[in-house]
Every structure is written in C-alpha cells, then in structure tokens.
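Take a look at the structure set out below.
This chain uses plain numbering: 1 for the first residue, then up along the sequence. Values below: all heavy atoms of this structure, side chains included; hydrogens, waters and symmetry mates excluded.
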Amino acid sequence: MTVHIPKYHGFSALRITDAKGDHLGFAYSDTPYDVMDMRGAKESARRTSLYNRAMTAMDKSAPDIDALQELIAWGERRGDVTPNEPDAVMTVNGLGGKGLMRPPIAPPESLSNQEEEDEALAVDAARASILYPADRKAS
C-alpha cells in the first residue's frame, strides 16, 4: 500500500494505491467528536459495520483447512523421534500394595534441634559482625 502525500501544498485527503498502482481510496483526517455528540456514535457504528464486513470478506476468501490433518501431516514429515536416555531409574515398592514410588537416593538426614539452634546462632553472629564491627563503639 502506498500513501501519496502532496509535495507543494496542503491537503485534506491522501490518495492510497496498492503495490501495482491501482487506486484503493482516499484517507481523510479523523474528526474529533464530543462525548455526547450523536455524530460520533453514528461514525463509530459506521466504522464497526465496515470492519465487520471486511472481516467477513476476509474469512470467506481464506481457505478452509483441517487442523488435525495438518498436524498429522506435519508429524509425518518430521520422521521418527528417538527418546533420550533416562536420567534415573525409579523402583516401585510393592510393600503395602499401594504402588508407592521410592526415589533412588535417600533424602539427607535432618538436623537435630540443637544443631539447628547452633547454626542459627552462627548466622546471627556473622550478621552482627558485619553490621556492628568490633572497632565501632556501641552507643
């Protein structure tokens, strides 16, 4: 699409042509309307109607395709898929009859209450040494 802008004078409309140079129409500046002006509502309704007609015409011109058949054909063009090697093998525990899965690596041992408290005190001491250095006097 080409918009032809006049070179030497003002303009109220611009001529629009397609790539072949065939005339498509004219483009006009938009007219602002007040919120309560009925002309604005009529113009909006006219534009909506033109838009809907254009969309209907585009829909009719587009070919109908079967999405499922397109996906099947695309999959056939891709060829066979070789699965990756597994990262780990899980075993099923048959005890209890519930079919529960067991991870191949046991979870780490949890810390005792005393160890958790010691670790929290060490973290607090490290924070205090950063926030309150020893050479600074407390006030």
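Judged purely by atom type and a 3.5 angstrom limit, Ser44 has no side-chain atom pairing as donor or acceptor with the backbone of Gly40.
Annotation: salt bridge (Lys or Arg N to Asp or Glu O under 4.0 Å) contacts of Arg47 (sequence neighbours excluded): Asp30, Glu43.
Going from atom CG of Asp124 over to atom CD of Glu119 covers 11.0 Å, rounded to the nearest 0.5 Å. Interatomic distance, Arg127 CZ to Tyr132 OH, rounded to the nearest 0.5 Å: 12.0 Å. Summarising the geometry, atom CE belonging to Met1 is positioned 6.5 Å from atom CD1 belonging to Ile16; distances are rounded to the nearest 0.5 Å. The distance from the OG1 atom of Thr2 to the CG atom of Asp22 is 11.0 Å, given to the nearest 0.5 Å.
Under the 4.5 Å side-chain heavy-atom criterion for ILVMFWY residues, a single connected hydrophobic cluster contains both Val3 and Leu24. A continuous path of hydrophobic side-chain contacts links Met58 to Tyr51 [ILVMFWY only; heavy atoms under 4.5 Å].
When all heavy atoms of Tyr33 and Arg39 are compared, the pair lying nearest together is CE2-CB, 3.5 Å. Taking each heavy atom of Tyr28 and Ser12 in turn, the nearest pair found is CD2-O, 3.7 Å.
For the pair Arg53 and Thr56, the minimum side-chain heavy-atom distance is 4.5 Å or more.
Looking at Asp18 and Lys20, no side-chain N of the basic residue comes within less than 4.0 Å of a carboxylate O on the acidic one, giving no salt bridge.
Judged purely by distance below 3.5 Å, without hydrogens or angles, the side chains of Gln114 and Asp118 pair a donor atom with an acceptor atom.
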